[in-house]
Amino acid sequence: MNAHDTTRRSLLGGAAALGLTSLAFDGTARAATPRPGPRAKRRFDGRSVLITGATSGIGEATAKAFAAEGARVGFCGRRVSSGRRVEQEIRKAGGDATYMQADVREADQVRAFVYRMADRHGGIDIAFNNAGIGSAKLPHELTVEEWDDVQSTNARGVFLALKYEVEHMLKAGHGVIVCTSSSAAEQARPNGSAYTASKRAVQGIVKAAALAYGPQGIRVNAILPGTTDTPFVRPPGIPDADWAAYKKAFGPLNIDGLERMAEPAEIARAVLSLASDDLSYMTGASVAVDGGATAGRKMIRPSGT
Ligand SMILES: NC(=O)c1ccc[n+]([C@@H]2O[C@H](COP(=O)([O-])OP(=O)(O)OC[C@H]3O[C@@H](n4cnc5c(N)ncnc54)[C@H](OP(=O)(O)O)[C@@H]3O)[C@@H](O)[C@H]2O)c1
């Protein structure tokens, strides 16, 4: 086996652990923090935006995008060092962001996070309930604890955040909530029982909440990202060049339509659109932003199943 084969095997091994057949690297550095645009063009000037799970990936990109458009962003995650980094990057770019450590599995922590940010910003105009973890095991391989952790984070965590956010939005008589589901809610995989169940639960919460709170002027929608280049799919420690090669091969093999992974900023832009007044008549919807993956027939297959 030559060096190239060894690298490829280790890449596929890492990918298989995540339930993917291939991965890639385009060598791009982390996208620069967007700077606030000209004042007249900022869609979210002064709006209070709350985000769960913005210490990396899609949440981080969305926090930066909201801040760049004038929002006051409050966000959480468990990793303090990552939270402080994101907070500093946004502030250095001229934005307004506040990090607070909170674990979405813990009701008291979620309540404290929501209430502190609402106090600080005078309410909550927009919430993005995004925190989530993955899972790639066949049903008989999953421990009960692993199943519970995925549901507690992805489904119960969204319920808890929404529960406390709505208390503030009802008082204000308006609000927009976007919750992160996944294309995996629509396209199951053999090793996706825990994850797909949790992301379908998010869709259920969203539909019920849209009906419950529509009369009070609160919109609630789910976003269903397809495979996105974040730490969620990128094996830790993989060199940039290897990841770029993996990414390049991944798209045509696994994703119909655009044949590539999404960048986190592309999902962030979709979240901002859903939260904006442009979509004032949309509620209870599940919006796929997956490059065409669920419209097509390819499926991201775990190896060996
Ligand atoms: N990347 C994809 O291909 C993809 C596709 C479809 C859907 N999604 C969904 O997109 C969301 C964001 O994922 P990502 O791709 O951006 O991956 P990521 O970079 O791993 O981000 C996950 C975020 O969730 C937070 N989180 C996880 N468990 C938490 C907990 N118990 N309490 C508080 N925060 C928690 C993480 O923060 P800490 O670790 O600091 O707690 C992190 O900020 C997830 O819901 C994921 O299921 C991702």
Side-chain angles (χ1 to χ4, degrees), residues 15 18-20 23-24 30-31 50-65 75-87 99-110 112-114 128-136 148-161 178-189 192 194-203 205-206 222-236 247 250-251 254-255 260-268 270-271 286-291 293-294 300:
L18 294 160
L20 308 176
L23 290 183
R30 181 184 296 124
L50 188 139
I51 305 178
T52 66
T55 47
S56 60
I58 291 168
E60 173 182 345
T62 307
K64 290 176 173 175
F75 69 95
C76 77
R78 293 162 301 173
R79 289 167 295 163
V80 175
S81 59
S82 302
R84 295 281 171 237
R85 173 186 61 75
V86 173
E87 186 183 66
Y99 165 72
M100 179 176 157
Q101 186 183 34
D103 185 328
V104 297
R105 296 168 295 185
E106 303 294 334
D108 53 347
Q109 294 185 30
V110 178
F113 164 63
V114 173
F128 179 37
N129 299 325
N130 168 71
I133 56 170
S135 168
D148 285 346
D149 197 35
V150 175
Q151 310 315 319
S152 293
T153 307
N154 296 1
R156 187 168 180 268
V158 165
F159 154 70
L160 288 171
V178 180
C179 300
T180 305
S181 175
S182 169
S183 59
E186 302 290 342
Q187 193 179 39
R189 303 199 294 264
Y195 188 67
T196 289
S198 71
K199 293 301 188 180
R200 287 192 84 104
V202 171
Q203 291 175 294
I205 295 164
V206 160
I223 187 164
L224 281 57
T227 306
T228 306
D229 180 3
T230 72
F232 195 84
V233 298
R234 178 173 172 159
K247 261 176 91 172
F250 179 90
N254 294 285
I255 301 172
R260 64 174 177 83
M261 287 185 195
E263 296 302 321
E266 294 182 289
I267 307 300
V271 175
S286 289
V287 180
V289 185
D290 64 4
T294 50
I300 300 165

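When a ligand or atom number is given, it counts from 1 through the structure's own listing order. None of the values given here were measured: they were computed from a predicted structure.
- Considering backbone and side-chain N/O of Cys76, none are found under 3.5 Å from N/O of ligand 1.
- Under a 3.5 Å cut-off, the side chain of Glu87 and the backbone N or O of Tyr99 do form a donor-acceptor pair.
- Atoms of ligand 1 lying under 4.0 Å from any heavy atom of Thr180, numbered from 1 in the order shown and given with element: 9 (C), 10 (O), 11 (C), 45 (O).
- Within the 4.0 Å heavy-atom criterion, neither part of Glu60 lies near ligand 1.
- Counting heavy atoms under 4.0 Å from ligand 1, residue Asp229 does not touch it at all.
- For ligand 1, the polar-atom distance check finds an N/O of Thr228 within less than 3.5 Å of one of the ligand's N/O atoms.
- Glu60 places no side-chain N or O within donor-acceptor distance of the main-chain N or O of Ala54, the cut-off being under 3.5 Å.
- Rounding to the nearest 0.5 Å places CZ of Arg260 at 9.0 Å from CD1 of Ile255.
- Checked by atom type and distance alone, the side chain of Gln187 never pairs as donor or acceptor with a backbone atom of Thr294 at under 3.5 Å.
- For Thr153, every heavy-atom contact with ligand 1 shorter than 4.0 Å involves the side chain, none the backbone.
- Of the polar atoms of Thr230, at least one N or O is found under 3.5 Å from an N or O of ligand 1, judged by distance alone.
- For Thr227, no nitrogen or oxygen atom sits less than 3.5 Å from a nitrogen or oxygen atom of ligand 1, counting backbone and side chain alike.
- Contacts with ligand 1 closer than 4.0 Å are made by no heavy atom of Ala262, backbone or side chain.
- Only the side chain of Val233 comes within 4.0 Å of ligand 1, judged by heavy-atom distances.
- Contact analysis puts Ala102 in contact with ligand 1, with a non-hydrogen atom separation below 4.0 angstrom.
- Residue contacts with ligand 1 for Ser181 involve N, CA, C or O but no side-chain atom from C-beta outward (heavy atoms, distance under 4.0 Å).
- For the pair Pro231 and ligand 1, a heavy-atom separation below 4.0 Å is found.
- Note: an N/O pair closer than 3.5 Å links Tyr195 and ligand 1 by distance alone.
- Residue contacts with ligand 1: Ser56 is placed with a nitrogen or oxygen under 3.5 Å of a nitrogen or oxygen of the ligand (distance criterion only).
- Neither the backbone nor the side chain of Ala184 has a heavy atom within less than 4.0 Å of ligand 1.
- For Gly226, the closest heavy-atom approach to ligand 1 falls below 4.0 Å.
- Considering backbone and side-chain N/O atoms, Val104 comes within less than 3.5 Å of an N/O atom of ligand 1.
- Lys199 contributes no side-chain N or O that, together with a main-chain N or O of Asn154, makes up a donor-acceptor pair within less than 3.5 Å.
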